[in-house]
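A note on names: the letters A, B, ... follow the listed sequences, proteins ahead of strands, and every chain is numbered from 1. Reckoned from all heavy atoms, side chains included, excluding hydrogens, waters and symmetry mates.
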Protein chains: 2
Amino acid sequence: MTTRVQDALAQLKINGVRITPQRHAILSYLMDSMGHPTADEIYRALEPNFPSMSVATVYNNLKVFLEAGMVRELTYGDNSSRFDADISDHYHVICQSCGTIKDFACESLTEIERKAEESTSFKVFGHRMEFYGICNHCQG
Amino acid sequence: MTTRVQDALAQLKINGVRITPQRHAILSYLMDSMGHPTADEIYRALEPNFPSMSVATVYNNLKVFLEAGMVRELTYGDNSSRFDADISDHYHVICQSCGTIKDFACESLTEIERKAEESTSFKVFGHRMEFYGICNHCQG
DNA sequence: ATGGCTGCAAAGCCTTTGCAGGTTG
DNA sequence: CAACCTGCAAAGGCTTTGCAGCCAT
């Protein structure tokens, strides 16, 4: 059986990107953890296994994955970007109290994209949507 | 007749915020231009009339307006935040080629917010949605 | 062997902060 | 007069870049 990580690495290889231990580790961490870590969180998580790896390498490779379309970047004002290896259609619900990010599946909004095209004369290729609120835990 | 700017200034005053020439100018610029300027754009636009004003003052006051709910902040990754004095329900369509931001009116998505609440156990208070594409001008 | 990748350090950019002096109500 | 606000400069946090050396193919 082939894993998502293996598929992704194979895909990268085809595009002429070398598979280094660091790249393997960063991509595995992103895909296995199913979380939305920051670059620094990834860095610290991998530090035990890659004591000499630098944060720059994490950033560099996240950029490679971004350009390959394997990872999405989530930006919220001041804070550092978060990275999401789940590129399927889904949205994020973010707790304004503790920062928890939960995934939320939802029928696609291509209908609304079309309306946006009509009303703005743009050619629309995608959208981003997030919900803000208070998580179950912080409501207590 | 009272303008939006005057209403906003009156509201600020009620909340104990002093109306300084800088505040007046920043708010007027935001509300009159109807654009989505960065802090630095605001700073440079007002420089001729306020040669001694500092960028810090722009940031400080934008924060004041944000907290008063008169302005929205739009964040996109690396780039500086953009500020929008239109706080009515609307969304933004952003050109990935030239960065143009166009407003897009759309029926509210409270329905979807409710679904998000059900499926995540969050109490949802708001959302953010943006569309990405290529503007009319850049399609040529 | 050659091009790409890493790691390091430094730089860059946006934003915030501390503080002294001035201004508003 | 007291509180608040400005302007300046410096600091802070995240991210990128330049470069020398290393490694995969």
* Asked: Between R44(A) and E41(A), is the closest basic N to carboxylate O distance under 4.0 Å?
  -> no
* **Residue mapping more 5' on DNA chain D - nearest nucleotide basis, A56(B) or G16(B)** => G16(B)
* Chi angles and distances behind the ring-ring contact (aromatic ring centres under 6.0 Å, His included) call for F131(B), F122(A) -> CA-CA 10 Å; F131(B) 299 88; F122(A) 271 57; 10.0 Å; no
* Separation of L46(B) atom CG from dG7(D) atom P, in whole Å? -> 11 Å
* Structure fact -> R82(A) CZ to dT15(D) C1', in whole Å, measures 16 Å
* Asked: Does F50(B) have its ring centroid less than 6.0 Å away from the ring centroid of H24(B)?
  -> no
* **Sidechain N-carboxylate O distance under 4.0 Å for K115(A), E117(A)** => no
* **More than 12 heavy atoms of other groups within 6.0 Å of H137(B) NE2** => no
* To do: For T57(B), answer base if it contacts any base atom (sugar-phosphate contacts may also be present), sugar-phosphate if it contacts only those atoms, and nothing otherwise; contact means non-hydrogen atoms under 4.0 Å.
  => base
* Got a salt bridge between E73(B) and R82(B), using NZ or NE/NH1/NH2 to carboxylate O under 4.0 Å? -> no
* To do: Mind checking D40(B) for me? I need base, sugar-phosphate or nothing, with any heavy atom below 4.0 Å counting as a touch.
  => nothing
* Run the numbers on R72(A) and S81(A) for side chain to side chain donor-acceptor pair (under 3.5 Å), then give the verdict. => CA-CA 10 Å; R72(A) 294 247 173 84; S81(A) 289; over 6 Å; no
* Spacing between F50(B) atom CZ and dG7(D) atom P, to the nearest angstrom -> 9 Å
* Asked: Under 4.0 angstrom, heavy atoms only, what part of the nucleic acid is T38(A) near: base, sugar-phosphate, or nothing?
  -> nothing
* To do: Answer with base, sugar-phosphate or nothing: what part of the nucleic acid does N79(A) contact at a heavy-atom distance below 4.0 Å?
  => nothing
* Asked: Taking for each residue the nucleotide of DNA chain C with the nearest heavy atom, is it N60(A) or S81(B) whose nucleotide lies nearer the 5' end?
  -> N60(A)
Might you list the N or O atoms of the protein lying below 3.5 Å from N or O atoms in nucleotides 20-25 of chain D, with each pair's distance?
none

* Ignoring hydrogens and angles, tell me if any N or O in the side chain of E130(A) forms a donor-acceptor pair with the backbone of L74(A) under 3.5 Å. => no
* Structure fact -> Bounded by its outermost nucleotides with an atom under 4.0 Å from a heavy atom of chain B, the footprint on DNA chain C reads dC14(C) to dT24(C)
* So, is Y59(A) close to the dT15(D) phosphate, meaning a side-chain N or O under 4.0 Å from OP1 or OP2? -> yes
* Side chains of H36(A) and D86(A), donor plus acceptor under 3.5 Å -> no
* **Spacing of I26(B) atom CD1 relative to dC5(D) atom P, expressed in whole Å** => 13 Å
